[in-house]
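Below is one structure, written out as structure tokens, with a few remarks after it.
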Number of protein chains: 2
Amino acid sequence: MNDALETNSVERPRLSDVAALAGVSTATVSRALSNPDMVKGNTRERILQAIARLGYVPDGAARALASGRARMVGAIVPTLDNAIFARAVQGLQSTLSNAGYQLLISAHEYSLASETEAARALLERAVDALVLVGAEHAHETWDMVRASRIPVLITWTNTAAASEILTTTAPLIGFDNRLIGRLAAEHLLSLGHRTFGMISGVTRHNDRARHRVDGFRTALAEAGVRLPEANLIEQPFGFDGGRAGLKHLMQLRPRPTAVFCGNDVLALGALFEAQSMKIDVPHALSIVGCDNLPISSQITPGLSTVLLPTYELGQRAASTLLEWLATGQAPDNACLPIELVVRGTSGPAPN
Amino acid sequence: MNDALETNSVERPRLSDVAALAGVSTATVSRALSNPDMVKGNTRERILQAIARLGYVPDGAARALASGRARMVGAIVPTLDNAIFARAVQGLQSTLSNAGYQLLISAHEYSLASETEAARALLERAVDALVLVGAEHAHETWDMVRASRIPVLITWTNTAAASEILTTTAPLIGFDNRLIGRLAAEHLLSLGHRTFGMISGVTRHNDRARHRVDGFRTALAEAGVRLPEANLIEQPFGFDGGRAGLKHLMQLRPRPTAVFCGNDVLALGALFEAQSMKIDVPHALSIVGCDNLPISSQITPGLSTVLLPTYELGQRAASTLLEWLATGQAPDNACLPIELVVRGTSGPAPN
DNA sequence: CTGAAAGCGCTTACAG
DNA sequence: CTGAAAGCGCTTACAG
């Protein structure tokens, strides 16, 4: 019965159409929508009916311009093609949308320059806040972000960028990436390993990767074990990187009996390569990853890993940002708990 | 040297600030930005300098309101937690952002109701276009989408929703999901299998899943093979679903010698369960999945699968939408090519 | 090639 | 509790 209204009108209905139909002013309709208890129940009723009748959907651009809030949050991640970031984004998105915020997403594929472009693009959409991964960003990115005066949250790390010429900082919600490396080292040391390898993601412009290397190396050093340069290889994240890394490590002499990988994708690649090479994991080689991807608990032979609660990270980042937006109070830094999950590592084979 | 300007101004610079500094009208600045060759090179120069000097970033809300284009596209996917959707979103995002469009993303977790909510939320942000997965959506979703009068693209399927009480349709860019099932069936039949099982995702409200079942069953029937009800089990997407599905199938008598899974996540779960059950894959059991996730080419024993070019799908959807927005011409439907990738399937064990 | 001015569709003090 | 009106920061015919 409202077909005529819905189907025949050439124009999308406006707030004023609703107001006219309900016999009130546009101001009242606006209030009924954003501040329902400012209008009398009776009036509200009529307005809601008019809205339903017309199929009215507010225009976010106008609303954002008038109110100064777009109810959108931007996020820039390295890639969605790694489950670990996809999960975090999922956590971010679901928490935001429950609070009426939408997520504008962009990926920079590990390029600082495209991150800058992405930041510009998101800021141009008038996002209310921005989520970044890691503390290391191009000067231009920091400049723009600062100039925009919107809340910015750094995730995935609990450590401000080291090479700070910049005074710029932002609240951090993340993990202690050094501890990740330390947990791996201590675990492998406790099993009796003495010869190690590490396959890291590319550390340039990636503070998380660097800190993981750092923590691993430091913990080994504390135990009196040195990690030679050759025993640390950087590879692009991906199965192939893990495979190439392992291939390299396995031709070293003495051959490492334990390998720590910067994340689970590398670790899985290493595992697959070990299988191809007929290396007996875990008896001839123990592998520890990081992330605890769903697949990591399924795969055989077992893959030990450091569990990162990334979905929770996404949720936490979202709720932190929402509170920041609501109160105007910048939040404290937070460091989410991580834990080592042991599956199928063993001591070095006696020889 | 522009520190004073950048750091001390309390307000974010406006178009009018740029105009004042460059000594032109706001109209000219606006043109310099969106239609550079409408302004003299000389003038443009000065404007660009003023912009750089002030660190001006346009306000997207105002721009969207005035121009009627937000330069944003909304996408609603079932979940980002499956690599296959994450990849498609990545393809979508990168193509869009190259064209100056940003992606507003939402996930509905296989709930039609939350899809409706997501659609409303995105439409309220005044997106210029919308991308949906599958042709089956709540009545309310279709209504809103139609009322919004923006381009809407259906992806992942090449078939309009069957139970169309609705006259609503939208251009389709996707795969022939029936063919996926058919390819799996024909492959397994050609190996000599006669007893089959299928682990499908939940088919309710999921046309893609339904069509895959359909195609599998139809192709078997054409070869004179019936798929008994008990040999088809629906499971939620996830490793656990695959595991549970396989457990069920393996206790049937006669026991299936070949299993087709609705996607690779289910197939991997089935594979893991087979390993747990010490079933020799592929000799005692052949498994075929769908998607060709990166992991699927790495895993042992081999997993045959139907390769879906989902990254390309994302790109294609983006470019189609961009052209639609540019020309106003609704695009034709498109069906992307798929192909069977054979890895480690075998004929049934002789008995 | 450039400017003055209207207008995009909302929100929000300010009155009442 | 409600309305009249100004204003958010752009774009875009319309003139010149």
Side-chain angles (χ1 to χ4, degrees), chain A residues 9 11-48 50-51 54-72 100 123-128 147-150, chain B residues 9 11-47 50-51 54 56-72 100 123-128 147-150:
Chain A
S9 61
E11 300 289 339
R12 202 175 137 163
R14 304 299 168 196
L15 192 63
S16 55
D17 300 320
V18 176
L21 185 56
V24 295
S25 73
T26 57
T28 303
V29 177
S30 175
R31 290 192 195 100
L33 246 30
S34 38
N35 241 318
D37 31 46
M38 280 184 69
V39 326
K40 205 165 50 173
N42 188 6
T43 319
R44 194 169 49 219
E45 247 350 54
R46 255 183 312 141
I47 293 174
L48 260 26
I51 288 176
L54 295 169
Y56 170 69
V57 174
D59 179 322
R63 180 191 288 224
L65 180 57
S67 71
R69 337 191 82 201
R71 303 223 150 238
M72 297 191 298
L123 292 175
E124 281 192 6
R125 264 65 180 187
V127 291
D128 297 323
S148 76
R149 289 156 209 287
I150 61 170
Chain B
S9 61
E11 300 289 340
R12 200 176 140 164
R14 302 299 168 196
L15 190 66
S16 55
D17 300 319
V18 176
L21 185 57
V24 296
S25 73
T26 56
T28 304
V29 178
S30 174
R31 289 192 195 100
L33 246 29
S34 37
N35 242 318
D37 31 46
M38 279 184 70
V39 325
K40 206 166 47 175
N42 188 9
T43 320
R44 195 171 47 221
E45 247 350 54
R46 257 182 309 139
I47 292 174
I51 287 176
L54 296 170
Y56 170 69
V57 174
D59 180 321
R63 182 192 287 227
L65 180 58
S67 71
R69 338 190 82 201
R71 302 222 151 240
M72 297 191 298
L123 292 175
E124 281 191 4
R125 264 67 181 185
V127 291
D128 297 325
S148 75
R149 287 154 209 289
I150 61 171

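Every chain is numbered from 1, with letters handed out A, B, ... down the list of sequences.
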Which nucleotide in D:dT11, D:dC10, D:dG9 has an atom nearest any side-chain atom of B:Tyr56: D:dC10
A:Glu124 CD to D:dG9 C1', straight-line distance once rounded to whole Å: 14 Å
Spacing between A:Asn35 atom CG and C:dA13 atom P, to the nearest angstrom: 11 Å
Closest-nucleotide 5' rank along DNA chain C - winner of A:Ala61 and A:Arg69: A:Ala61
Candidate nucleotides C:dT2, D:dC10, C:dT11, ranked by approach to the side chain of B:Val39 - the nearest: C:dT2
d(CG, A:Asp37; C1', D:dT2) in whole Å: 15 Å
Pairwise C1' distance, C:dT12 and C:dG16 [rounded to whole Å]: 16 Å
Integer-rounded Å distance: C:dC1 C1' and B:Glu45 CD: 16 Å
Donor-acceptor pair (no angle test) under 3.5 Å: A:Arg12 side chain, C:dG9 base: no
Distance below 4.0 Å between B:Ser67 side-chain N/O and D:dT11 OP1 or OP2: no
Side-chain donor or acceptor of A:Arg46 paired with backbone N/O of A:Ala22 under 3.5 Å: yes
Selection from C:dC10, D:dA4, D:dC10 that lies nearest to any side-chain heavy atom of A:Ser25: D:dA4
Spacing between B:Arg125 atom CZ and C:dC10 atom C1', to the nearest angstrom: 14 Å
Nearest-neighbour nucleotide for the B:Met38 side chain, C:dT2, D:dC10, C:dC10 considered: C:dT2
Side-chain N,O (B:Thr28) to OP1/OP2 (C:dT2) below 4.0 Å: no
Spacing of B:Arg63 atom CZ relative to D:dC8 atom P, expressed in whole Å: 19 Å
Rounded distance [0.5 Å steps], CD in B:Glu124 versus CZ in A:Arg71: 10.0 Å
5' precedence on DNA chain D between B:Ser16 and B:Arg31 (nearest-nucleotide basis): B:Ser16
Complementary nucleotide for D:dA4 - Watson-Crick or wobble, under 3.5 Å: none
Candidates C:dT12, C:dC1, C:dC10 - which lies nearest the side chain of B:Lys40: C:dC1
Closest nucleotide among C:dC10, C:dC1, C:dT11 to the A:Ala62 side chain: C:dC10
Heavy-atom closest contact (B:Pro13 atom, B:Leu54 atom, distance): CG-O, 3.4 Å
Interatomic distance where CG belongs to B:Leu65 and P belongs to D:dC8 [whole Å]: 13 Å
Nucleotide C:dG7, atom P - distance to CG of B:Leu15 in whole Å: 20 Å
Donor-acceptor pair, side chain of A:Ser67 and main chain of A:Arg63, under 3.5 angstrom: yes
OP1 or OP2 of D:dT2 under 4.0 Å from side-chain N/O of A:Thr43: yes
Where B:Ala126 and B:Ala70 come nearest, the two heavy atoms and their spacing: O-CB, 3.2 Å
Side-chain heavy-atom pair A:Leu33, A:Ile51 within 4.5 angstrom cut-off: yes
